[in-house]
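First up is the structure itself, then whatever we jot down about it.
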Amino acid sequence: MRDKYDFTAIESKWQKIWEEENAFATSDEQDKEKYYVLEMFPYPSGKLHMGHVRNYSIGDVIARFKKMSGYNVLHPMGWDSFGLPAENAAIKNGIHPFSWTNDNMNDMREQLKSLGFSYDWDREVATCKPDYYRWMQWIFIQFYKKGLAYKKNNPVNWCPDCQTVLANEQVVDGCCERCHTPVTKKHLSQWYLKITDYADKLLANLEELPGWPDKVKAMQKNWIGRSEGAEVTFKIDGFDKDLVVYTTRPDTLFGVTYMVMSPEHPYVKELTEGTEYEAAVNKYVEESAHKSELERTSLTKEKTGEFIGYYAINPVNGKKVPIYISDYVMMDYGTGAIMAVPAHDQRDFEFAKKFGLDIIPVVDVPDVDLDNLTEAAAAEGTMINSEEYNGMNNKEAIKKITADLESKGLGHGTVNYKLRDWLISRQRYWGTPIPMIYCEKCGWVPEDEANLPVLLPTDVEFTGKGESPLTTSKTFRKCTCPKCGGAAEREIDTMDTFLDSSWYFLRYCDAHNEEMPFDPAKVNYWMNVDQYIGGVEHAILHLMYARFFQMVLHDLGLCDAEEPFKNLLTQGMVIKGYYDKDDNYIKAKMSKSLGNVVAPSEIQAKYGSDTARLFILFAAPPEKELDWSDEGVEGSYRFLNRVYRLVYEYINDIRGEQSEFPEPKAENETDKSLNYMINATIKKVTEDAGGRFNFNTAIASIMEFVNEIYKYKQNAEINLPLFNKAIETLLVVLNPFTPHITEEMWSQLGHEDRLYDHAWPAYDNKALVKDEVEVIVQINGKLKDKMKLPNNSNKEVTEETARGLEKVIEAIGDKTVVKVIVVPNKIINFVVK
RNA sequence: GCCGGUGUGGCGGAAUUGGCAGACGCGCGGGAUUCAAAAUCCCGUGAUGGCAACAUCGUGUGGGUUCGAGCCCCACCACCGGUACCA
């Protein structure tokens, strides 16, 4: 054993041994309780960043801990390897996306191995490989057969820079999630998945996920956006079709003073064609069509609109109200038209003020001057100006009016969602081909399942312009119809890569199956994922799509579980301070443009992987953001050196030739206190690392333990068996965090077995019971003194001893003791007056 | 606006069930070792007053409950994240 901690040699030595021993291969033998720990698989960009290291270090500690605790652990890794960067690299450098991606996967696999993560590499999946996307296509076809995939011509979100459409979930602040270009609208015929069919279940099941952060559940709930209300039918005076509106406030029907249709509403053209209003309305429709999502939804914007020349008839009182169009009403929510109640809705209020429309209050809201409204009164109150409903509470009126409308056939209660169907077509090359074929005779037909996969062609030009790159292939597009055998054409769009990542966790359960996407028996053993770990940025997109897939696959009878992820841990970002141009110190997410990036490889080269892992786990609890500190890394490195020296000196200076020890006995005070620390540390690490995932405090307790061993070592007399036990315990409990150094020293101690396979130690409760405890003495809740008492001393003894303390006598003085509170072994409080 | 979260030393953070606030680490100060330095080891380190023993104050603000509150309740402030003309 070298006297210096040579992390480079130790780490490569053990990584090699683990590989040779196939240390982390998962058994499909269903003889033990299973534990499935999963980290979100990466996009193979080529370089691992600190966020990855954090994500995977957390997962690795859990995986190693569970394995040592006797579980059959599944801990896989793979690649979310379709996507734009590969295609952009192809456009820029002329490298084929596959070879670019494959090189990156190879590089990153080596980086992951160099960090000592305990993955079962036999189960590696890459979504860009035909053996994976074949089953992606198969699943798509099952969706199609179940009526859950359809093609529709619709205005869609279009990113002019990426030259592709985007799902609603990929539009962030009106801009492309990926390149931040403002998104525009375009009319295109595209494939959709009917996620809205599952809106209710996606929402309801959230209640059954206690292991998910409230934050993520709230975000999904918000995104699904369920609202209860009513659809109300208004007649249009002089027009033969009815105008149906959606409202959550049917109680305000008597306060309707005008109506608004979305500029895209299908009636608009019919109603205005050939009228004096046509020109102005067309101009308005034209203008709003050209506005970006960003401009149209901007809050500060003043209300705009046009009167279209028609009046609607209020079904409850026969009153005629003018109909406007305005872009504050969206075509894709509700019915695309609203009844406007300016007295009780802020948007309607602003519009009414601008256009000089009536404002009629119908709910008397306490503490609001209804004659001089300065803003809409949206709160609860009592019905007024509403004929037979006057005097009711407005909440009751909602129910009553809805029921009355229903009985008269003028409306009905209904539920609306903000969630839209998932647009999955992408005008890109590097994705799973949508396995659909268009035949003039038969329409859209899925590819024959026996012919899967529909392979991506290789004769494709990458120009970054125009429609889908697949059109440039000479071989791909033309095919025969699987139904009638006639000439037909393939779909040339590819799938959103979020489909690929919506079921990869199922493929890991049976990664090499060539007959089906996975064997249900294997999936039913491994699923759900017991612990899923990843960034919160996937709270809506990936985590909702994956839930949707799981539900559909469940309904298809392919797996029992309806929810994929039992417990979810969203790790915080890695941030680092930097100085901006005005020399202000700012903390921000590591990013190239800010120049505050620390590359994992730098840290590994300077301090080793164990130090990198230790620091990242120690610096903050996993769900909080982690403030990178170079000094902190030094500290972690110092600690590992301290451990190394401790064991080195033990082997060389203390232990001598002896390597076998009897069960230790702890008889004197110092031995007892070391024995206490041994067991207290096991308990603390078991609970913190294995239970509540507070790795920072688990590590802190191991540090305390090491400090304690150092102190013990200074004793004149060392109880060798006990000391040996302390050292061995230290190595075992530290192993999940820093596997290389501990494995090395374990073998230096002469052990033949491996720590990765070693049983997690149990603690001895008896050792945790102290003979003497320290009890806090308070007067009126303020700390006055402390005293040592035999363990479990009763109230009488505690009080008597405390009353004898000088400070207590002094503090009580001539005052009276009103009450004495004793919490045995903890505290005694005298209440004095 | 709505939803979720956070607020504790110079810094990252502990305090798990209402019971010693500040574990552990960083930084800083002092000492030992060294020709010297690095490394290492030891001691100290919330604020104020005091030579000291010690006293007083102290977990964003204001109030409350309690023998006792960082933790529970009420009202507010600040910051972070999500979301939004969603009718």
Side-chain angles (χ1 to χ4, degrees), chain A residues 4 172-173 213-223 225-227 229 245-249 252 260 262 296-301 303 326-330 332-341 344-348 350-351 378 416-419 536-537 539-540 572-573 577 614-615 618-621 623-636 638-639 641-642 645 684 687-688 691-692 694 696-707 710-711 714 774-786 807 818-823 826-832:
Chain A
K4 216 178 146 283
V172 176
D173 293 331
D214 289 340
K215 179 183 177 158
V216 174
K217 285 192 280 190
M219 282 164 76
Q220 292 207 359
K221 196 173 167 181
N222 217 328
W223 190 262
R226 183 189 147 98
S227 86
V245 299
Y246 173 72
T247 179
T248 52
R249 294 291 303 273
T252 62
V260 187
S262 162
R296 195 166 158 172
T297 58
S298 162
L299 246 190
T300 51
K301 203 195 72 176
K303 295 281 179 288
S326 174
D327 61 7
Y328 84 85
V329 174
M330 307 291 140
D332 64 355
Y333 184 76
T335 62
I338 61 152
M339 58 179 226
V341 186
H344 303 291
D345 181 286
Q346 186 58 26
R347 296 151 299 179
D348 298 347
E350 287 164 19
F351 190 91
N416 249 304
Y417 297 94
K418 287 191 221 171
L419 184 70
V536 74
E537 65 274 16
I540 295 171
M573 285 187 304
L614 186 71
F615 169 71
F618 176 61
E623 65 282 354
K624 284 189 81 170
E625 56 184 27
L626 186 153
D627 197 359
W628 187 268
S629 143
D630 293 328
E631 291 83 9
V633 180
E634 297 259 6
S636 293
R638 236 179 340 247
F639 170 73
N641 273 287
R642 205 164 139 79
R645 268 193 314 275
K684 179 83 178 150
E687 289 169 357
D688 285 3
R692 53 178 204 147
N694 277 16
N696 54 330
T697 51
I699 294 167
S701 76
I702 298 174
M703 288 173 167
E704 280 183 80
F705 184 36
V706 169
N707 292 344
Y710 263 92
K711 267 185 207 145
Q714 291 170 349
E774 199 176 58
V775 174
I776 305 308
V777 183
Q778 295 181 335
I779 308 284
N780 286 341
K782 292 207 169 169
L783 174 76
K784 283 292 161 194
D785 207 351
K786 298 169 188 180
K807 283 177 190 163
V818 197
K819 204 172 171 186
V820 182
I821 287 119
V822 179
V823 183
K826 258 189 187 160
I827 201 161
I828 174 165
N829 187 15
F830 293 94
V831 186
V832 301

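The sequence lines fix the lettering, A, B, ..., with proteins before strands; numbering per chain opens at 1.
- One atom, CG of A:Asn641, and another, C1' of B:A39, lie 10 Å apart when rounded to the nearest Å.
- Looking at residues two or more places apart in sequence or on another chain, you find a salt bridge (Lys or Arg N to Asp or Glu O under 4.0 Å) between A:Asp688 and A:Lys684, A:Arg692.
- Here the side chain of A:Asp345 is nearest to one of B:G13, B:C54, B:A87, namely B:A87.
- To the nearest angstrom, P of B:A38 lies 14 Å from CD of A:Glu634.
- Using atom P as the reference point in both B:A21 and B:C54, the two lie 16 Å apart (nearest Å).
- With its glycosidic angle within 90° of 0, B:G9 is assigned syn.
- The phosphate of B:C41 (OP1 or OP2) has a side-chain N or O of A:Arg645 nearer than 4.0 angstrom.
- Within the 4.0 angstrom heavy-atom criterion, base atoms lie near A:Asn222.
- Scanning for side chain to side chain contact (heavy atoms under 4.5 Å, CB included) contacts around A:Gln346 gives A:Phe349, A:Glu350, A:Glu375, A:Ala376, with sequence neighbours left out.
- Contact check for A:Asp214 versus A:Lys217: side-chain heavy atoms found under the 4.5 Å cut-off.
- The residue A:Pro621 sits close only to the backbone: its heavy atoms come under 4.0 Å of sugar-phosphate atoms, none of a base.
- The base of B:C85 lies close enough to the side chain of A:Lys303 for a donor and an acceptor atom to sit less than 3.5 Å apart.
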Produce a footprint string for nucleotides 19-25 of chain B: one letter per nucleotide, 5' end first; B if the base is under 4.0 Å from any protein heavy atom, S if only the sugar-phosphate is, - if neither. BB--BBS
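- Applying the ring pair (Phe, Tyr, Trp, His ring centres under 6.0 Å) criterion to A:Trp223, with sequence neighbours excluded, gives no partner residue.
- In RNA chain B, the stems built from three or more successive Watson-Crick or G-U pairs (distances below 3.5 Å) are B:1-7 with B:77-83, B:10-12 with B:24-26, B:27-32 with B:40-45, B:46-49 with B:54-57, B:60-64 with B:72-76.
- Annotation: side chain to side chain contact (heavy atoms under 4.5 Å, CB included) contacts of A:Arg642 (sequence neighbours excluded): A:Arg645, A:Val706, A:Asn707, A:Tyr710.
- Across the protein-nucleic acid pair, A:Lys782 atom NZ and B:C57 atom P stand 4 Å apart, rounded to whole Å.
- Residue A:Ser629 is out of contact with every strand shown, counting any heavy-atom pair closer than 4.0 Å.
- For B:A87, one of the phosphate oxygens OP1 or OP2 lies less than 4.0 angstrom from a side-chain nitrogen or oxygen of A:Tyr333.
- Spacing of P atoms, B:G46 relative to B:G25, comes out at 15 Å, to the nearest Å.
- By the side chain to side chain contact (heavy atoms under 4.5 Å, CB included) test, A:Ala337 is found to be paired with A:Leu243, A:Val245, A:Met261, A:His265, A:Thr335, residues two or more places apart in sequence or in another chain being considered.
- Contacts of A:Phe351 classified as ring pair (Phe, Tyr, Trp, His ring centres under 6.0 Å), with partners at least two apart in sequence or in another chain: A:Tyr258, A:Tyr324, A:Tyr328, A:Phe355.
- Residues meeting the side-chain hydrogen bond (donor to acceptor under 3.5 Å, both in side chains) test with A:Glu625, sequence neighbours left out: none.
- Looking at heavy-atom distances under 4.0 Å, A:Lys819 makes contact with sugar-phosphate atoms alone, never a base.
- Per the geometry, CD belonging to A:Glu625 stands 17 Å off P belonging to B:G5, to the nearest Å.
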